[in-house]
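Since the model is a prediction, treat every value here as computed from it, not as a measurement.
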2 protein chains.
Amino acid sequence: MIRISKLTDYAFIVLGHMARGRHEAVYAAAELATGTGIAVPTVSKVLKSLTRAGVVRSLRGVRGGYALCRPARETSVATVIHALEGPIAITECGIAEHQCNQSDACHTRGNWDLINQAIRGALESVSLADLVRPPNDHGAEVSIPLTSLTLPRATELTE
Amino acid sequence: MIRISKLTDYAFIVLGHMARGRHEAVYAAAELATGTGIAVPTVSKVLKSLTRAGVVRSLRGVRGGYALCRPARETSVATVIHALEGPIAITECGIAEHQCNQSDACHTRGNWDLINQAIRGALESVSLADLVRPPNDHGAEVSIPLTSLTLPRATELTE
DNA sequence: TAAAACAGGACTAGAATGGTCCCCAATCAT
DNA sequence: ATGATTGGGGACCATTCTAGTCCTGTTTTA
């Protein structure tokens, strides 16, 4: 239903935990597991994906663990989702089949791309640091206008 | 992967087909099935959901079928997705459990809501008519500024 | 060299999705 | 009236995806 997966949710919890400390701080997987209440193997799985995507870096060996590659402010929500779930797009498209070729569908694809871009834009506009910050902290907030859609206006929107 | 389901995709193909004719035109499910290349039972299933949501209306009996409730321009993409998949939200939230209560996660929920709203805004800004229109038809286009996010700016966005 | 900690991937159980089918209700033509 | 047509509702199964665990290997440091 247009949801992020549980694993991705865990990723945000774990990263949120890491974002509280100094951003160079190294956390062992087991440490993050107890800190967040998520099982160790699951935390490990999530961190592996984040490592491959360059969101965190890993340090092997006895005093090893994981650390953020960048300050939390410099990692976007889109990056994290992409790391765990692949490209952010609401339609498959390009996977063809369908009756896409037939007649109807394919006309619409170009427009879907605009929608995908708008969603991507929304997710790129928010950083890890923003998520960690309490919702009521309106101190340094700034209004970010998102990408605009270039499409004919829908005159009357339902619901 | 933040995708709409196949059923929802079918809904757009079927509605696209209907949107080409006069908007009062009545199409039997079987007719739409052959017109789109989708199996009859599947088309029926999709149309049932759309009927319940008030996107199309059904006419029973011998010369019955389905017709759009409104001109295509007045039905948004968000409405269609909502009809087939329920509320549009990227996170579950409110389903609790997690370690949500514990410490980390719950701080972030308020901010997730803003993200959800932005996505919803993008999907509400586009109508069925927009999707059907060929992507290159830039005749009557208008740039629609989407909802803005009120959050601290992410200084450097990766990817 | 042994212990600590990550890397990679195999594997299983459970849930969600996609698709089909069946029986009932409504409507219309004859 | 009656029967053909068409949608309504929901059950049902097969397949795929997801979540979560575990095992074996590699790297690093004390």
Asker: Considering just the side-chain nitrogens and oxygens of Arg57(A), establish if one lies under 4.0 Å of OP1 or OP2 belonging to dC6(C).
Answerer: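 The answer is no; no side-chain N or O of Arg57(A) sits under 4.0 Å from OP1 or OP2.
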
Asker: Look at the side-chain N and O atoms of Arg3(A) and state whether any lies under 4.0 Å from the OP1 or OP2 oxygen of dA16(C).
Answerer: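 For dA16(C), OP1/OP2 do not have a side-chain N/O of Arg3(A) under 4.0 Å.
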
Asker: Give the cluster check for Leu7(A) versus Ile2(B): same hydrophobic cluster or not, with ILVMFWY residues linked at side-chain heavy-atom distances below 4.5 Å.
Answerer: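 Linked, Leu7(A) and Ile2(B) end up in one cluster.
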
Asker: If you round to the nearest 0.5 Å, how far is OG of Ser58(B) from NZ of Lys48(B)?
Answerer: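 It is 11.0 Å, given to the nearest 0.5 Å.
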
Asker: Under 4.0 Å: is that the gap between some side-chain N or O of Tyr66(B) and OP1 or OP2 of dG8(D)?
Answerer: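 Answer yes for this pair, as a side-chain N or O of Tyr66(B) is under 4.0 Å from OP1 or OP2.
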
Asker: I'd like a list of close polar pairs between nucleotides 15-21 of chain D and the protein, N/O only, cut-off under 3.5 Å.
Answerer:
unit_1, atom_1, unit_2, atom_2, d
dA19(D), OP1, Lys6(A), N, 2.5
dG20(D), OP1, Tyr10(A), OH, 3.2
dG20(D), OP2, Tyr10(A), OH, 3.1
dG20(D), N7, Lys45(A), NZ, 2.6
dG20(D), O6, Lys45(A), NZ, 2.9
dT21(D), OP2, Thr42(A), OG1, 3.1

Asker: Report yes if at least one side-chain N or O of Ser58(A) is closer than 4.0 Å to OP1 or OP2 of dA7(C); otherwise report no.
Answerer: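 Ser58(A) to dA7(C) OP1/OP2: side-chain N or O found under 4.0 Å.
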
Asker: Taking only residues two or more places apart in sequence, or in another chain, which ones meet Thr8(A) in a side chain to side chain donor-acceptor pair (under 3.5 Å)?
Answerer: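 If we apply the side chain to side chain donor-acceptor pair (under 3.5 Å) test to Thr8(A), skipping adjacent residues, the hits are Ser5(A), Glu85(A).
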
Asker: Please classify the nucleic acid contact of Ala30(A) as base, sugar-phosphate, or nothing, using heavy-atom distances under 4.0 Å.
Answerer: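 Touches nothing.
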
Asker: Go along nucleotides 22-27 of chain C 5' to 3' and tag each nucleotide: B for a protein heavy atom under 4.0 Å from its base, S when only backbone or sugar atoms are that close, - otherwise.
Answerer: ---BSB

Asker: Thr51(B) near the nucleic acid: base, sugar-phosphate alone, or nothing, with a heavy-atom cut-off under 4.0 Å?
Answerer: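 If one applies the 4.0 Å heavy-atom cut-off, Thr51(B) turns out to touch the sugar-phosphate alone, with no base involved.
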
Asker: Rounded at 0.5 Å granularity, tell me how far CD1 in Ile13(B) sits from NZ in Lys6(B).
Answerer: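 Interatomic distance, Ile13(B) CD1 to Lys6(B) NZ, rounded to 0.5 Å: 10.5 Å.
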
Asker: Can you tell me how far P of dG19(C) sits from CG of Asp9(B), to the nearest Å?
Answerer: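 Value for this atom pair: 11 Å.
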
